Amino acid sequence: LESIHRAMRDEAYVRGEVIVREGEPGHELYLLLEGEVEVWAGHGGPRPKLLNRLAAVSYFGEMAVLDDETRTATIVVAKDARVASLAGERLKDLVFSMPEIAFEIFREQAAALVAAGVDLLAIETMFDLQEAKAAVMACNEVRGKIPLMAFMTFTQDALTDTGTDP
């Protein structure tokens, strides 16, 4: 845990300040240590929608980092905040070396999707059996009767990208 702490950068934000913007590349995970933030879709557009309100201690930004995609929401400070950030590559290293971190991240994502009313949970493009196992277990913990599908990616040699024989 000490190495994680050393790898994080601590920053202060004031009310109204934007921490991340929807559509921008996502290269960091954020840990909200103090304060509150709002999660918006379409922030600054004609029909902004408040998706969630997060209070300390919680995290955000993991989806863009783990999926190598752009940010899916804008995070705006609602109450002066102190935030620690962790570089995406470091997060990926931690997820592979500590499966319990992956489980918690997958569980949070699945819980948010279930709360939003999805009809199906789909786990796609898994490269590692341990990662897939963590995702399935996390989804099973929160999904209720919602169907779950999981897909793996294999090399031409029928191995996972991390070299595991299925």
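Computed over heavy atoms, backbone and side chain alike; hydrogens, waters and symmetry mates excluded. In this text the structure is predicted, and so the values were computed from the model without any measurement.
- One N or O on the side chain of Glu17 and one on the backbone of Val14 form a donor-acceptor pair closer than 3.5 Å.
- Contact record, Ala111 with Val142: N-CG2, 3.7 Å, taken as the closest heavy-atom pair.
- Heavy-atom contacts from other residues, nucleotides or ligands closer than 6.0 Å to CZ of Arg21 number 12 or fewer.
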Verify side-chain contact (heavy atoms from CB on, under 4.5 Å) between Val77 and Val83, making sure each step is shown before the conclusion. CA-CA 10 Å; Val77 177; Val83 176; over 6 Å; no
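- Annotation: side chain of Leu54 is not in contact with side chain of Glu36 (no heavy-atom distance under 4.5 Å).
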Determine whether Val20 and Thr74 satisfy the following criterion, side-chain contact (heavy atoms from CB on, under 4.5 Å), listing intermediate values before the conclusion. CA-CA 5 Å; Val20 299; Thr74 297; over 6 Å; no
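- Here the side chains of Met149 and Leu120 are in contact, with some heavy-atom distance below 4.5 Å.
- Put simply, Ile19 and Leu32 are part of the same group of oily side chains (I, L, V, M, F, W, Y) that touch within less than 4.5 Å, one to the next.
- Between Ile123 and Leu148, some side-chain heavy-atom pair lies under the 4.5 Å cut-off.
- Rounded to the nearest 0.5 Å, atoms NZ (Lys79) and CD (Glu34) are 9.5 Å apart.
- Listed for the Arg15 side chain is a donor-acceptor partner under 3.5 Å among the backbone atoms of Ala78.
- A distance-only check finds a donor-acceptor pair linking the side chain of Glu22 to the backbone of Gly42 [under 3.5 Å].
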Does the side-chain contact (heavy atoms from CB on, under 4.5 Å) test come out yes or no for Tyr30 and Ile75, once each step is laid out? CA-CA 10 Å; Tyr30 295 88; Ile75 307 296; over 6 Å; no
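- The hydrophobic cluster containing Leu31 does not contain Val37, counting ILVMFWY residues as joined when their side-chain heavy atoms lie under 4.5 angstrom apart, directly or transitively.
- A salt bridge is absent between Arg82 and Glu11; no separation between the charged side-chain nitrogens and carboxylate oxygens falls under 4.0 Å.
- Residues Leu50 and Val18 share a hydrophobic cluster, clusters being chains of Ile/Leu/Val/Met/Phe/Trp/Tyr side chains in contact below 4.5 Å.
- Under the 4.5 Å side-chain contact rule for hydrophobic residues, Tyr13 and Phe60 share a cluster.
- A salt bridge links Arg9 with Glu28: the distance from a Lys NZ or Arg NE/NH1/NH2 to an Asp or Glu carboxylate oxygen falls below 4.0 Å.
- A heavy-atom distance below 4.5 Å is found between the side chains of Leu29 and Tyr59.
- With respect to the salt-bridge test (charged N to carboxylate O, under 4.0 angstrom), the residues Glu24 and Arg71 do not qualify.
- In terms of heavy-atom proximity, Ala138 sits nearest to Phe106 at CB-CB, 3.6 Å.
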